[in-house]
Amino acid sequence: MKTYSISEVAEYFNLTPHTLRYYDKEGLMPFIERTSSGKRVFKESDMDALKVIECLKASGMPIREIKHFIEWCSEGDSTLQQRYDMFLERKASVEAQMEELKKTMDVIEHKCLYYKTALGNGTEDIYKNNKIKSSFAQK
């Protein structure tokens with residue numbers, strides 16, 4: 001069975017070893033085994049668990065809530081409904097974030113077109129008498 005050092009895992013996830021130690025300290029990795037000298041040893045299953053942890057973190061879930069999820073996983077099938085509900089909540093949260101990002105992207109794309117047109121004309125004066133020009137279109 002292939003195992004990974006904390007440095008290898010940190011590099012794989014683009015994290016620092018300090019972050020992984022923090023996760024361990026916070027109880028997010030109760031599954032990590034240690035050598036007789038105390039060094040953490042990561043297996044493929046640990047890597048899979050870290051992928052889920054990083055996914056939840058990227059979705060905006062606080063560490064304390066991720067810890068609840070890890071605890072529920074350790075409790076087994078009796079917490080399946082809680083875990084399912086948690087992922088439904090995460091899904092709704094990420095969908096809302098994506099909608100907000102789409103609105104942000106729409107404004108950015110509009111501004112790119114605005115400035116590209118102004119650059120092509122050497123001025124943004126072409127918009128001065130245009131009724132669609134909004135107050136935030138100024139430099």
E44: partners by side chain to side chain contact (heavy atoms under 4.5 Å, CB included), with sequence neighbours left out = Y4

request  = Enumerate the residue pairs fulfilling salt bridge (Lys or Arg N to Asp or Glu O under 4.0 Å) with a member in residues 8-25, sequence neighbours excluded, ordered by first and then second residue.
outcome  = D24-R34, D24-R40

request  = Kindly give the cluster partners of Y84, where membership spreads through any ILVMFWY side chain lying under 4.5 Å from a current member.
outcome  = L88

query = Would a 4.5 Å heavy-atom cut-off, applied to side chains only, mark H68 and Q82 as touching?
reply = no

request  = Please list, chain by chain and in numerical order, all residues satisfying side chain to side chain contact (heavy atoms under 4.5 Å, CB included) with S7, sequence neighbours excluded.
outcome  = S5

ask   = Do V9 and V41 belong to the same hydrophobic cluster, where Ile, Leu, Val, Met, Phe, Trp and Tyr are linked whenever their side-chain heavy atoms lie under 4.5 Å apart, directly or via other members?
value = no

inquiry  = I'd like to check the salt bridge (charged side-chain N to carboxylate O under 4.0 Å, His left out) partners of E100; sequence neighbours left out, ordered by chain and number.
reply    = K103

ring-ring contact (aromatic ring centres under 6.0 Å, His included) against F69, all qualifying residues, sequence neighbours excluded = F87

note = Residues at least two apart in sequence or cross-chain that pass salt bridge (charged side-chain N to carboxylate O under 4.0 Å, His left out) with K116, listed by chain then number, are none

Connected hydrophobic set around M98, excluding itself, where side chains approach under 4.5 Å = V94

note = All heavy atoms of L28 vs all of P30, minimum pair found to be C-CD, 3.4 Å

query = Given the rule in the side-chain contact (heavy atoms from CB on, under 4.5 Å) test, do F42 and I32 qualify, once you have shown the distances and angles that lead to the verdict?
reply = CA-CA 6 Å; F42 296 81; I32 299 298; 3.3 Å; yes

key: For E109, all residues meeting side chain to side chain contact (heavy atoms under 4.5 Å, CB included), sequence neighbours excluded   = M105, D106

For residues 47-57, please give each side-chain donor-acceptor pair under 3.5 Å, one per line with the distance, not counting sequence neighbours.
from: E54; atom 1: OE2; to: Y23; atom 2: OH; distance (Å): 2.6
from: K57; atom 1: NZ; to: Y23; atom 2: OH; distance (Å): 3.1

task = Kindly work out whether a path of hydrophobic side-chain contacts (I/L/V/M/F/W/Y, heavy atoms less than 4.5 Å apart) joins I6 to Y22.
result = yes

query = Atom OG1 in T104, atom CD in Q97: separation rounded to 0.5 Å?
reply = 11.5 Å

Linked, directly or transitively: I70 and I63 (ILVMFWY side chains, under 4.5 Å) = yes

query = Out of curiosity, F31 CZ to C73 SG, how far, rounded to the nearest 0.5 Å?
reply = 9.0 Å

request  = Scan residues 59-86 for pairs that pass salt bridge (Lys or Arg N to Asp or Glu O under 4.0 Å), counting only residues two or more places apart or in two chains.
outcome  = none

task = Sequence neighbours left out, what passes side chain to side chain contact (heavy atoms under 4.5 Å, CB included) with S45? Give chain and number order.
result = K43

